[in-house]
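Written below as structure tokens is the structure these notes are about.
All heavy atoms count here, side chains included; hydrogens, waters and symmetry mates do not.
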Number of protein chains: 2
Amino acid sequence: MASEFEARLRAVSLRVTRPRLAVLAALHDHAHVDTDTVIALVRAELPRVSHQAVYDVLRALTDAGLVRRIEPAGTSARYEARVGDNHHHVVCRSCGAIADVDCAVGHAPCLTASDDQGFMIDEAEVVYWGTCPDCATRRIDQ
Amino acid sequence: MASEFEARLRAVSLRVTRPRLAVLAALHDHAHVDTDTVIALVRAELPRVSHQAVYDVLRALTDAGLVRRIEPAGTSARYEARVGDNHHHVVCRSCGAIADVDCAVGHAPCLTASDDQGFMIDEAEVVYWGTCPDCATRRIDQ
DNA sequence: CTCTAATCTGGAATAGTTCAAGTTTGGCAC
DNA sequence: GTGCCAAACTTGAACTATTCCAGATTAGAG
């Protein structure tokens, strides 16, 4: 598994360092985690890693396309290891929980704007807003 | 025009105050403005309005559905007066410019998730990412 | 093994937003 | 019109997520 991550780093010509491997492992095990959580997960293995290093690593990995950064309105940045398939997300309005949703229509970019205003569009990002199962039942209970 | 805004405030049982009228006027004249810009526009008419008041007003108006808050990843919050038609936005990756795009398919919610993961979805938000005409030509020029 | 650019550490700074306590004011009852 | 009071506003400080900076460390090419 570690060698798998190592190969991915080399494939995009990034140096193989412990913090980077730890971040990749953390994102592989946990979907949609925020930066603080990544820091905590990384420090479980490498206690001395600085928060700045994690920010740097996440940026490097995002730029290289190894991880994807998502940032629904009103939340801090979250990261996921699932990339390249243009899937979307459902976000719970009350607790912020995030779940994956496969592309609604065909492949990326799965949507075409009716009038692009002269913009050169390269991605259509979809966020579904709603209430997650937990919050829905909790609301009924009260 | 002022009485138009006054009527809208009363319609959602919000008190009619100068700061609120000024914010509505500012959003009516300028699309997709951030909070700082709203503050500047409001202060052009009412120099003594606090930034906190503007934040409060924007929240009250958003909660009441009179304005819409948008917050593309990596930017601060922006507000627009166009509400109720479920239109979407194109955002320029290099300069952050935002333009309106009519709903791609039908009416709100114009998209249905292929698998909703048990969530009760009430809105599908679409953000198109790309390059605006200005930035496109600027890049060619260089 | 050596060298050096890339990366990481520690600490301080910034932007955007929210919190808290006290003052003012819009809208209703009289 | 006058008085009342909850809603709205002012002032000023606090907070969170993120970035900047300067110096120490280290991966990996030669």
OP1 or OP2 of [N] less than 4.0 angstrom from a side-chain nitrogen or oxygen of [X], does that happen here?
X: R20(A); N: dT7(C); answer: yes
X: Y55(B); N: dT18(C); answer: no
X: R15(A); N: dA5(C); answer: no
X: T17(A); N: dA6(C); answer: no
X: R18(B); N: dA8(D); answer: no

Starting at atom [atom1] of [X], determine the distance to atom [atom2] of [N], rounded to an integer number of angstrom.
X: L21(A); N: dT7(C); atom1: CG; atom2: P; value: 13 Å
X: D63(A); N: dA6(C); atom1: CG; atom2: C1'; value: 15 Å
X: H51(A); N: dT14(C); atom1: NE2; atom2: P; value: 16 Å
X: D36(B); N: dA15(C); atom1: CG; atom2: P; value: 10 Å
X: L58(B); N: dT18(C); atom1: CG; atom2: P; value: 10 Å
X: R48(A); N: dT25(D); atom1: CZ; atom2: C1'; value: 12 Å
X: L14(B); N: dG27(C); atom1: CG; atom2: C1'; value: 13 Å
X: D56(A); N: dA24(D); atom1: CG; atom2: C1'; value: 15 Å

Quiz prompt | Donor-acceptor under 3.5 Å (E80(A) side chain, I70(A) main chain) | solution =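 No; zero donor-acceptor contacts below 3.5 Å.
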Quiz item: Are the side chain of E6(B) and the backbone of V16(B) linked by a donor-acceptor contact shorter than 3.5 Å?
Solution: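 No; judged by distance alone, with no hydrogens or angles, the pair does not exist.
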Quiz item: Considering only side-chain heavy atoms of Q52(A), which listed nucleotide, dT19(D), dT10(D), dA17(D), is closest?
Solution: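 Shortest atom-to-atom distance from the side chain points to dT19(D).
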Practice problem: May I ask whether V54(B) and L21(B) are part of the same hydrophobic cluster, defined by side-chain heavy atoms of I, L, V, M, F, W, Y residues being less than 4.5 angstrom apart, directly or through others? | Solution: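 V54(B) and L21(B): one cluster.
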Practice problem: Check every strand shown and say whether A60(B) touches a base, only sugar-phosphate, or nothing at a heavy-atom separation below 4.0 Å. | Solution: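 Here A60(B) touches no strand at all.
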Quiz item: Counting only heavy atoms not in R82(A), do more than 12 sit closer than 6.0 Å to its CZ atom?
Solution: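 Counting other residues, nucleotides and ligands, CZ of R82(A) exceeds 12 neighbours.
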Practice problem: Report the residue (R10(B) or V57(A)) whose heavy-atom-nearest nucleotide on DNA chain C is the more 5′ of the two. | Solution: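 Comparing both residues, the 5'-ward one is V57(A).
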Practice problem: May I ask you to decide whether E45(A) forms a salt bridge with R43(A), counting only side-chain N to carboxylate O separations under 4.0 Å? | Solution: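 Between R43(A) and E45(A) there is no salt bridge, as every charged N stays at least 4.0 Å from the carboxylate O atoms.
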